Amino acid sequence: MPLLTNREIAETLERYANLASITGENAFRSRAFQRAADVVRDLHEPVIALMDRGDLRRLPGIGSGIADAIETLVRTGALPPLDALQRTVPATLLDLLQVPGVGVKTATRVYRELGVVDLPGLLAAAESGRIRALPGLGPKTEANILAAMEALRRRTGRFLLGTALPLARRIVADLQGTLPAGSSVAISGSVRRMEETVADIDLVVSTRVHEAIPATVAHLPLLSGIVRHENGSLRVTTHAGIPVDIVVVDPSVFGTALIRATGSADHLALLPEVLPSAPTEEEVYSRLDMEWIAPDLRLGLGEVMQAKAGTLPTLLSVGDVRGEFHAHTLWSDGTATILDMVRSAAERGYAFLGVSDHSRALGVANGLDAARLAAQRQEIEKAQRATGLRVFASCEVEVHRDGLLDFDDHILEALDLVIASTHSGLRQPRDVLTERLLRVIANPHVDIIAHPSGRLVERREGGDFDWNRVFAAAAATRTALEINASPERLDLNHDLARRALEAGCLLTINCDAHSTVGFDALEYGVAVARKAGADPDRIVNCWPIERIEAWLQTRQT
DNA sequence: GCCGTTTTCGGCCCGACTGTTTTCAGTCG
């Protein structure tokens, strides 16, 4: 029986919600499924555990109808209403929604009126001028669709690290429990290098009984069967569709195999063609007269030379992060109370947390107006008293198209910490976009610029900013730039973060958590900072609380 | 389909922007 993860269940519910809205089902029904998908995605424990306790329909937004559907999905692997819809309408219709600018309405129209059922069909319709011929759609819409599809074509089709890494860890844990005694398994490849996207999951198994491995692998619940098996390597695939490559080696050469399977092509090109045979990575590197190189740095960017010279930098690790500034709660679009978020931060060993819900302009996220912001402050102070954690009263303030902020200065001034962020108008031309952000950086009340580029990994390119000017301004005003750790964003990315550091900027790593599980993303942000070569001294949330308070004080004047 | 100090029916997240338009529909977050 397939063991579905919460994420897979959420994706199936979401597929149904989207397909249902295209085919004209009750909009509220499809929104209910969408909401249920969001709830399932943010759960702290497996859906199956809730099912066992009979607690599924206690969840907000999940009543008896959707609970039944989820139970059937978990039991049989199929969602009956989705199957029913797919018998009447091609599932490829869902692909149309991936095109930015194409929503449910447009997808429905090109399907009904032009017979478009998939992306190639949409491209053909746009290229032949049939889209502009539809009433209400014009040449600009058609041109936008063509441009968006070109951007879509450039996408790699790779999987997000945030999907692949947790899955890889579960497979490793399952394998570890079933491998013959004396065997072990490790993650390698781009997942171990913490690349933002990966094509597959690579594992290396060390064992003396090679012949036992295929059968062991074939019985893993997360995997759906062996695709290929040759020369001591196996290719299988997960239920989520991610290929898994498993190399099987003797323990005596485990270190060698791990280095081969982990290094990027550029890193490996700088190593000798024939590596020394050894059971551990440390021994291989040592026999090459090099220090051991952390996997996320094996990119061929000078780390090999540094390892030979013994000058590898000391980089920050997850444990260096003492707290976060950017987190959401039920007050806007988060799914946990302030107290739950603060307690979760405390459990993770944090010394402080910034509560920064959206401002009013982000209406869909239930953004706060001045009155609610003031009311929220009481609850923030209560949470601070109850936990002993320093809780910063903050706000993720929307940047308008002209660079004005969503709140007046006197409201910003009263906050402990101000985060500014841009969610719309990211397609403005470079000089307009840059001036807009410079105006925000120049505001002395603004302490942090959240997800500066606005990119979404594999889904949306960031804004076309003049980064040299942005970094120079941020460095001059000591405004911190965020490395947003959410695997969907990773913004700044490691290239921009490195340039920001070179320009003298302060950085901050935040999960932008919308639930207590959201804090799990920290390691992705830390990996970005490490690749950028960040010293903890330049990451504001690695500082002791007194230094942070002092930084905030100097900024308010 | 979900939900209820509006409680078993009748509502259901909202404002800005864009492109199409002469007053609005669709998308996005």
Side-chain angles (χ1 to χ4, degrees), chain A residues 13-14 16-18 20-22 25-40 56-70 72 79-82 85 96-110 126 131-148 328 330-335 357-369 372 396-406 421-429 432-433 436 450-451 454-456 459-463 484 486 488-489 491 512 514:
Chain A
L13 294 172
E14 192 164 61
Y16 172 70
N18 283 329
S21 52
I22 293 179
E25 296 253 342
N26 181 333
F28 294 112
R29 184 182 146 94
S30 92
R31 189 182 299 172
F33 272 84
Q34 178 64 57
R35 186 161 126 80
D38 293 340
V39 169
V40 166
L56 200 51
R57 57 204 70 197
R58 274 186 228 267
L59 294 173
I62 296 183
S64 56
I66 292 183
D68 286 349
I70 291 176
T72 309
L79 191 71
L82 179 60
L85 261 188
L96 304 187
L97 299 180
Q98 289 172 21
V99 180
V102 176
V104 167
K105 302 279 181 181
T106 309
T108 308
R109 291 199 58 192
V110 297
I131 300 220
R132 75 174 79 180
L134 291 177
L137 301 177
K140 278 211 171 172
T141 304
E142 190 172 85
N144 284 343
I145 287 176
L146 281 170
H328 297 269
L330 280 171
W331 281 79
S332 65
D333 60 347
T335 58
D357 279 301
H358 293 284
S359 65
R360 61 188 165 183
L362 211 61
V364 65
N366 192 21
L368 275 62
D369 58 19
R372 289 181 66 222
E396 182 178 4
V397 184
E398 213 41 35
V399 175
H400 294 193
R401 291 179 60 76
D402 50 8
L404 276 178
L405 290 164
D406 211 15
S421 89
T422 308
H423 288 101
S424 61
L426 283 163
R427 287 195 300 178
Q428 288 174 324
V432 177
L433 204 50
R436 177 179 171 199
H451 42 76
R455 72 113 169 215
L456 293 173
R459 272 176 35 220
R460 183 178 75 199
E461 312 233 350
N484 191 293
S486 160
E488 286 82 28
R489 290 194 180 271
D491 180 15
D512 194 356
H514 284 69

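Naming convention: chains lettered A, B, ... in sequence-line order (proteins, then strands); numbering from 1 in each chain. In this text the structure is predicted, and so the values were computed from the model without any measurement.
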Would you measure the distance from the [atom1] atom in [N] across to the matching atom in [M] and give it in whole Å?
N      : M      : atom1 : result
B:dT23 : B:dC28 : P     : 26 Å
B:dT20 : B:dG26 : C1'   : 10 Å
B:dG10 : B:dT21 : P     : 39 Å
B:dG4  : B:dC13 : P     : 13 Å
B:dT6  : B:dC12 : P     : 14 Å
B:dG1  : B:dT8  : C1'   : 14 Å

Separation of [X] atom [atom1] from [N] atom [atom2], in whole Å?
X        : N      : atom1 : atom2 : value
A:Ile145 : B:dC28 : CD1   : P     : 10 Å
A:His423 : B:dT27 : NE2   : C1'   : 16 Å
A:Lys105 : B:dC24 : NZ    : P     : 16 Å
A:Ile22  : B:dT27 : CD1   : C1'   : 14 Å
A:Ile131 : B:dG26 : CD1   : P     : 15 Å
A:Leu96  : B:dG26 : CG    : P     : 16 Å
A:Asp402 : B:dC17 : CG    : C1'   : 13 Å
A:Glu396 : B:dG29 : CD    : P     : 14 Å

Please check: side-chain N/O of [X] versus main-chain N/O of [Y], any donor-acceptor pairing under 3.5 Å?
X        : Y        : value
A:Arg455 : A:Arg489 : yes
A:Ser21  : A:Ala27  : no
A:Arg109 : A:Leu137 : no
A:Arg31  : A:Asn26  : no
A:Thr335 : A:His514 : yes

Practice task
Could you check which nucleotide pairs with B:dT8 in any of the strands shown, counting Watson-Crick or G-U wobble with both distances under 3.5 Å?
Solution key: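 B:dT8 is paired with nothing.
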Problem - Short side-chain N/O contact to B:dG26 OP1/OP2 from A:Thr141, under 4.0 Å - result: no
Exercise for the section: For A:His423, enumerate each residue passing the ring-ring contact (aromatic ring centres under 6.0 Å, His included) test, keeping only those at least two apart in sequence or located in another chain. Expected result: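 A:His423: ring-ring contact (aromatic ring centres under 6.0 Å, His included) contacts with A:His358, A:His451.
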Sugar-phosphate only, base, or nothing, as touched by [X] at under 4.0 Å among non-hydrogen atoms:
X        : value
A:Leu59  : sugar-phosphate
A:Pro100 : sugar-phosphate
A:Asn144 : sugar-phosphate

Practice task
Considering non-hydrogen atoms only, spot the tightest contact between A:Asn366 and A:Leu330 and give its length.
Solution key: ND2-O, 4.3 Å
Exercise for the section: Identify the two heavy atoms, one from A:Glu398 and one from A:Ala361, that lie closest to each other, and give their separation to 0.1 Å. Expected result: CG-CB, 3.7 Å
Of the candidate nucleotides [options], which contains the atom at the shortest distance from the side chain of [X]?
X        : options               : answer
A:Thr106 : B:dT27, B:dT20, B:dG1 : B:dT27
A:Ser64  : B:dG29, B:dC2, B:dT20 : B:dC2
A:Arg460 : B:dG19, B:dG1, B:dG29 : B:dG29
A:Phe33  : B:dG1, B:dT27, B:dC28 : B:dG1

Problem - A:Glu461 CD: over 12 foreign heavy atoms closer than 6.0 Å - result: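 Open.
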Problem - Footprint string (nucleotides 11-16 of chain B, 5' to 3'): B base within contact, S backbone only, - free, heavy atoms under 4.0 Å - result: -BBB--
Problem - Residue whose nearest DNA chain B nucleotide is more 5′ - A:Pro60 or A:Leu137 - result: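 The residue whose closest nucleotide sits nearer the 5' end is A:Pro60.
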Exercise for the section: Take A:Ala107 and A:Gly61, find for each the nucleotide of DNA chain B with the closest heavy atom, and name the residue whose nucleotide sits nearer the 5' end. Expected result: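 Result: A:Gly61.
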